[in-house]
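Inspection log for the structure reproduced underneath, given as structure tokens.
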There are 2 protein chains.
Amino acid sequence: MDPHLLRTYVTVTRLASFSAAARALGYTQSAVSQQVAALEQDLGTPLLTRRPVAPTRAGERLLEHAGPLLLRLQAARADIAALVGAPDGGLTLAAAPTALTHRVLRALPPTGVTLRVLPRADVPEAVATGGADLGLVDGLAAPNDPLRLADVAPLTTRGAGQEPVCVLLPAAHPLARRAGLRLADLADARWLDAPGAGLPLDHLRTATGSTGFRPALRYEGTDLQALTALAAAGHGLAVVPRSAVRDTDGLAAVPLTAPRVVHRTELLYAGAPRGAAADFAARLDLTRS
Amino acid sequence: MDPHLLRTYVTVTRLASFSAAARALGYTQSAVSQQVAALEQDLGTPLLTRRPVAPTRAGERLLEHAGPLLLRLQAARADIAALVGAPDGGLTLAAAPTALTHRVLRALPPTGVTLRVLPRADVPEAVATGGADLGLVDGLAAPNDPLRLADVAPLTTRGAGQEPVCVLLPAAHPLARRAGLRLADLADARWLDAPGAGLPLDHLRTATGSTGFRPALRYEGTDLQALTALAAAGHGLAVVPRSAVRDTDGLAAVPLTAPRVVHRTELLYAGAPRGAAADFAARLDLTRS
DNA sequence: CACCCCCGATAAGCGCCGCTGATGGTGCCC
DNA sequence: GGGCACCATCAGCGGCGCTTATCGGGGGTG
């Protein structure tokens, strides 16, 4: 189970070709063939069907393991490398789109910042693999509960703010005049599914334990403005943190009263923040409400 | 970052000796020395101080990664192996002590079962590495919330029951006559810390967001009977699922009313349950309350 | 229907990596 | 101060894994 073999195997399945994988990895086709054979012999079972090249059942299981494994390996490398290399003075921040609250933006140093906006699921990976010094992720959680993140590597999380959430709906919606809304009452409504930009629907489902929240339109961008416009135009409801609500024609934003859920933002880092990253983290703490 | 080198490095740090690690791993001392040197060169930094042999800062970081990495690797192996080998008909069940509710015990097949009671933290590992076909873990959670488990490997969880929890206190305790108790009111009391048997104190802390719950006595066994006796004798309070409460001299069990937490039991498995494991899982589902 | 091309498996050869055994240097304990 | 236990280093060698070369087969095309 050499990581080398694992990487080759993953590449072969991804490209569905021994030869293409060989070209991609800088090997000969023969080497790739031998590597896959070695892996299969090691595990005692075929992992791929040839012609066409596709994973067997065992191969599919292995793929599920291989990704996180290689990721963790890379994370370990990056972690040590970060400890060795001197901090370069700059600060790279990976953030989910809705995690960029005003409080965060205010705490940013004036220069030397690189901001990478990523889908929320990619943020921990970016921090773990050294693609960013710090990460900001957000999500719905019970008050004071930490967020649930995939543990690609031993990352430290620190709360970076909580705020109420609102439901976005067209102003003409029958419920738009309400002072507060219960999420359970909206399970049968049509929702915007915005895994990149906002809070994906399965977050709502786990938060309420419901199986509802059928998607109306799936939005794959990361832009909140567009999401807001979609909600105003009646393409579906959305849940966003209150501070992300902007006055928009035809839009109503009603606070969510039940379940008691807050929009929570967390700061992520590997090891201890250093240099500009430490400064930023400290400044973020100072503005704690 | 060969897993081989990683394993050697971990062994060296654990034994704090190159020579001892070499003996343990079946290498010569020379080989171990070269392996560690290779790892250090690969990562570009010293990982160990010699004389005495102890990890450097970078080495400590690496250790944090190496454990889960090697575990995952082993889990992947075991996962594939389980897929290859025919199910042996038997069923090995790894369970946390308090996860063995009556409902679980009733669903067990009459023969061919091996029951391994482990500390809760070890259950996912046992399932992932093939030490058990199924796992049962329990813990406190908000109603309908899944438990938080370390994801050593892609494991599937399935709810296997929820029930209210009670606080165990001596019958002479001033609060023993109450009909219900709020956990927050008990943060300053002295608690039994039973990481093996019951619900460790940090579970209570995360559940309430409190930093209280100072331990009075630390109990390292896995026996609930002893824990109950300790509570009755006034050595500290404990929280247990209601069904685990037995009539005991001098013991009072008061339902916990706030926060709204339940004792939740979950079934864990890698891939899809097969053979006797599938039967058991289905029977557990049938008795769903 | 036959040819050809592309793909993957296999064989042979070789270079390099990593192991062993031996030796050197160093701190610690007696 | 001597001996010992420990780790580093060196030389040598065996085997692993790569490349090159070749074979077998399947599908597309003329």
Side-chain angles (χ1 to χ4, degrees), chain A residues 1-60 62-63 66 69-70 73 76-77 80 84, chain B residues 1-60 62-63 66 69-70 73 76-77 80 84:
Chain A
M1 292 267 292
D2 189 326
H4 221 79
L5 301 188
L6 235 44
R7 187 178 65 121
T8 298
Y9 171 70
V10 170
T11 308
V12 169
T13 57
R14 184 166 49 87
L15 301 177
S17 158
F18 283 58
S19 310
R23 281 190 295 275
L25 298 173
Y27 288 122
T28 58
Q29 172 266 321
S30 172
V32 169
S33 181
Q34 289 177 52
Q35 286 187 18
V36 172
L39 198 56
E40 288 180 325
Q41 186 158 23
D42 180 22
L43 295 176
T45 181
L47 297 171
L48 291 172
T49 62
R50 329 292 153 107
R51 275 176 237 289
V53 174
T56 61
R57 286 186 60 88
E60 282 174 5
L62 182 60
L63 277 180
L69 257 171
L70 294 175
L73 217 49
R77 268 214 123 69
I80 308 281
V84 173
Chain B
M1 292 266 295
D2 190 328
H4 220 81
L5 302 188
L6 236 43
R7 188 178 63 122
T8 299
Y9 171 70
V10 170
T11 308
V12 170
T13 58
R14 185 167 46 87
L15 302 176
S17 156
F18 284 54
S19 311
R23 282 190 294 275
L25 297 172
Y27 289 121
T28 59
Q29 172 266 322
S30 171
V32 169
S33 180
Q34 290 176 53
Q35 286 187 19
V36 172
L39 198 57
E40 288 180 325
Q41 187 158 23
D42 181 22
L43 295 176
T45 182
L47 297 170
L48 291 172
T49 61
R50 329 295 154 101
R51 266 175 248 288
V53 174
T56 62
R57 286 185 60 87
E60 282 174 4
L62 183 61
L63 277 180
L69 258 170
L70 294 174
L73 218 48
R77 267 215 124 68
I80 308 282
V84 174

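Just so we're on the same page: letters track the sequence lines, and every chain starts at 1.
Separating the CG atom of B:Leu25 from the P atom of C:dT20 is a distance of 11 Å, rounded to the nearest angstrom. Here the P atom of nucleotide C:dC7 and the CG atom of A:Leu48 are 16 Å apart, to the nearest Å. In this structure, A:Leu47 places its CG atom 16 Å from P of C:dG8, rounding to the nearest Å. When the C1' atom of C:dT20 is taken as reference, atom CZ of B:Arg23 falls 17 Å away, rounded to whole Å. The CG-P distance, from A:Leu15 to C:dG8, rounds to 11 Å in whole Å. Across the protein-nucleic acid pair, A:Leu39 atom CG and C:dA9 atom P stand 13 Å apart, rounded to whole Å.
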Notebook entry, point to check: Could you run down nucleotides 14-21 of chain D 5' to 3' and tag each one B, S or - for protein heavy-atom contact under 4.0 Å?
Noted result: ----BBBB
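At least one side-chain heavy atom of A:Ser19 sits less than 4.5 Å from a side-chain heavy atom of A:Arg23.
The nearest pair of heavy atoms linking A:Met1 to B:Ala76 is CE-CB, 3.8 Å. When all heavy atoms of B:Ala21 and B:Val12 are compared, the closest pair comes out as CB-CG2, 3.5 Å.
Here B:Thr11 contributes atom OG1 and B:Gln35 contributes atom CD; the two are 9.5 Å apart, rounded to the nearest 0.5 Å. Here the straight-line distance linking atom CG of B:Asp42 with atom CZ of A:Arg77 works out to 4.0 Å at 0.5 Å rounding. Taken to the nearest 0.5 Å, the CG atom of A:Leu47 stands 5.5 Å off from the CG atom of A:Leu39.
The phosphate of D:dC7 has neither OP1 nor OP2 within less than 4.0 Å of any side-chain N or O from B:Ser33.
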